[in-house]
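Just so you know, residue 1 is the first one in the sequence shown, and it goes up from there.
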Amino acid sequence: IKPGACFSVCFQQQKNLEGYVGFASLPNQVYRKSVKRGFEFTLMVVGESGLGKSTLINSLFLTNLYSGEYPGPSHRIKKTVQVEQSKVLMKEGGVQLLLTIVDTPGFGDAVDNSNCWQPVIDHIDSKFEDYLNSESRVNRRLMPDSRVHCCLYFIAPSGHGLKPLDIEFMKRLHEKVNIIPLIAKADTLTPEECQQFKKQIMREILEHKIKIYEFPETDDEEENKIVKTIKDRLPLAVVGSNTIIEVNDKKVRGRQYPWGVAEVENGDHCDFTLLRNMLIRTHMQDLKDVTNNVHYENYRSRKLAAVTCNGIDNNKTKGQLTKSPLAQMEEERREHQFFKSYYCFFFLYRTLEKNKKKGKIF
């Protein structure tokens, strides 16, 4: 410690209170405030036409987000990839959820699918940009969160692994959004074929270093068991259905075949319940936290690093990023120290020269 330096020492002690103070009710205050404000969640669904994306979304939220008046993306024929949003306000048990579904009609349907992921990347970046601009405003009370929190990527049940388009898309987006791979229409595969297909997909994901959503580790053994179960069954094989079928005097969502019924919510038939529980009941907040703390912060760092002190974006002139904000701050600190030392040395040198001319220094 340098002489004259000012510092403070903080000791943390644990005290047992003799009576009730009241700060134990803080979680209740946060809960009431959160319920009053409501929640927002943005879900992106990407995959080729005809893989059951619209049906699965309707099954997940038990509502007809896509109907005859507003059909799914596969029924809205597009010549090029476009990004479209659908918003619905849902209420359950006094809790409001503003759900935004982002779909990409036309994805993977062209003969040449080069750069078909670019509209998706532009959409995700534009939502990050909107949130960054909201943070920079003077009035930040109303900051709608339209950032994409999760991307469900539908893989065709071919049984032959990932297509080049699947690999390229996930590699382009895994640094920008939480990707959860799904095997669509899993009822077209036998259980043995489905297990082999899952293993092959996970091998290719590891081989190409694709980063899918990482489930958080907790101290709760029950939650760790649930997370382990989900990890062991990735990619999740799902089946969607809007049809209610009666099976053993019980009404269920499923698909009727001559040889039987594929039940959507039967864990022996598919992983739909695992997906719904993970996406809505257990990990929705973590998906939002990872989006905010990892993907958005990476975008924000790159964006701020690309802006010079004059407010000019270097990306538009040089086409490449500069140093990160932390590295820039460290460099400015070193320059400040250098010039400070230089001026001190220069002042001392001038003083010595003046004193030497006056004969005070020999």
Side-chain angles (χ1 to χ4, degrees), residues 27 39 41-47 51-52 56-57 59-62 97 148-157 159 161-162 166-167 169-171 173-240 252-253 262-295:
F39 299 90
F41 189 74
T42 302
L43 180 65
M44 174 179 280
V45 289
V46 181
L51 292 182
L56 182 71
I57 294 300
S59 303
L60 277 175
F61 297 97
L62 298 178
L97 174 65
V148 180
H149 301 118
C150 179
C151 175
L152 299 180
Y153 188 76
F154 288 71
I155 301 170
L162 296 174
D166 301 331
I167 296 171
F169 176 86
M170 289 192 281
K171 288 178 68 175
L173 268 78
H174 65 174
E175 297 285 356
K176 296 178 178 293
V177 68
N178 300 309
I179 297 178
I180 299 178
L182 304 178
I183 298 177
K185 294 188 174 181
D187 51 337
T188 61
L189 300 171
T190 64
E192 294 77 13
E193 291 174 341
C194 188
Q195 288 300 321
Q196 291 298 324
F197 194 35
K198 286 185 175 185
K199 292 178 181 179
Q200 186 174 357
I201 290 174
M202 291 307 297
R203 280 198 303 267
E204 293 184 14
I205 286 176
L206 293 175
E207 179 183 347
H208 292 91
K209 298 179 180 180
I210 297 172
K211 300 175 185 177
I212 58 177
Y213 172 62
E214 282 288 337
F215 294 89
E217 296 182 359
T218 62
D219 298 331
D220 191 345
E221 293 184 2
E222 291 297 325
E223 290 187 12
N224 286 333
K225 289 181 180 179
I226 295 174
V227 169
K228 186 178 185 303
T229 303
I230 298 174
K231 285 184 176 180
D232 292 341
R233 301 184 72 165
L234 284 176
L236 300 179
V238 294
V239 177
V252 297
R253 283 184 177 239
E263 298 179 25
V264 171
E265 298 184 2
N266 190 333
D268 296 331
H269 294 180
C270 67
D271 302 326
F272 174 83
T273 52
L274 276 179
L275 173 65
R276 185 179 61 188
N277 293 339
M278 179 273 297
L279 191 63
I280 302 173
R281 302 178 183 178
T282 60
H283 289 80
M284 177 179 283
Q285 186 58 45
D286 186 71
L287 287 165
K288 297 178 67 174
D289 291 341
V290 173
T291 300
N292 182 69
N293 301 331
V294 179
H295 300 303

Handout entry: Side-chain heavy-atom pair Val45, Leu56 within 4.5 angstrom cut-off
Key = no

Exercise for the section: Would you please test Val46 and Leu173 for side chain to side chain contact (heavy atoms under 4.5 Å, CB included) and show each step? Expected result: CA-CA 12 Å; Val46 181; Leu173 268 78; over 6 Å; no

Exercise for the section: Please determine which of Leu234, Asn224, Thr282, Asp286 meets the side-chain contact (heavy atoms from CB on, under 4.5 Å) test together with Phe215. Expected result: Leu234

Completion exercise
Rounding to 0.5 Å, atoms CZ (Phe39) and CG (Leu97) come to a distance of 8.5 Å

Problem - CD/Glu214: more than 12 non-hydrogen atoms of other groups inside 6.0 Å - result: no

Exercise for the section: Look at the aromatic rings of His283 and Tyr213 and report parallel, tilted or perpendicular, splitting at 30° and 60°. Expected result: perpendicular

Exercise for the section: Nearest 0.5 Å please: distance from the SG atom of Cys151 over to the CG atom of Leu287. Expected result: 11.5 Å

Practice task
Check whether any side-chain N or O of Asn277 sits under 3.5 Å from a backbone N or O of Thr273 as a donor-acceptor pair, and report yes or no.
Solution key: yes

Practice task
Check whether any side-chain heavy atom of Lys225 lies under 4.5 Å from a side-chain heavy atom of Glu222, and answer yes or no.
Solution key: yes

Exercise for the section: Would you check if the side chain of His149 reaches a backbone N or O of Thr42 as a donor-acceptor pair within less than 3.5 Å? Expected result: yes

Fill in the blank from the handout: In this structure, CD1 of Ile226 is separated from CE of Met278 (nearest 0.5 Å) by 12.0 Å

Problem - 4.5 Å side-chain heavy-atom contact, Pro157 and Leu51 - result: yes

Practice task
Find the distance between CG (Leu189) and CD (Gln195) and round it off to the nearest 0.5 Å.
Solution key: 10.5 Å

Problem - Test side chain to side chain contact (heavy atoms under 4.5 Å, CB included) applied to Asn178 and Ile180, step by step - result: CA-CA 7 Å; Asn178 300 309; Ile180 299 178; 5.7 Å; no

Handout entry: Donor-acceptor contact present, side-chain Asp187 to main-chain Ala262, <3.5 Å
Key = no

Completion exercise
CG (Leu236) and CD1 (Ile183) are apart, to the nearest 0.5 Å, by 8.5 Å

Problem - Worked verdict on Val238 versus Cys270 for side chain to side chain contact (heavy atoms under 4.5 Å, CB included) - result: CA-CA 5 Å; Val238 294; Cys270 67; 5.6 Å; no

Exercise for the section: Report yes if the side chains of Val148 and Thr291 come closer than 4.5 Å at any heavy-atom pair, otherwise no. Expected result: no

Problem - pair Leu279-Leu43: side-chain heavy atoms closer than 4.5 Å - result: yes

Problem - Close side-chain approach of Cys150 to Phe41, heavy-atom, < 4.5 Å - result: yes

Problem - Residue Lys228 excluded, over 12 heavy atoms near NZ under 6.0 Å - result: no

Problem - Glu175 versus Lys211, closest heavy-atom pair with distance - result: OE2-NZ, 2.9 Å

Determine all donor-acceptor pairs shorter than 3.5 Å in which one atom belongs to a side chain in residues 197-206; sequence neighbours excluded.
{"unit_1": "Lys198", "atom_1": "NZ", "unit_2": "Arg233", "atom_2": "O", "d": "3.1"}
{"unit_1": "Lys198", "atom_1": "NZ", "unit_2": "Asp271", "atom_2": "OD2", "d": "2.6"}
{"unit_1": "Glu204", "atom_1": "OE1", "unit_2": "Leu162", "atom_2": "N", "d": "3.0"}

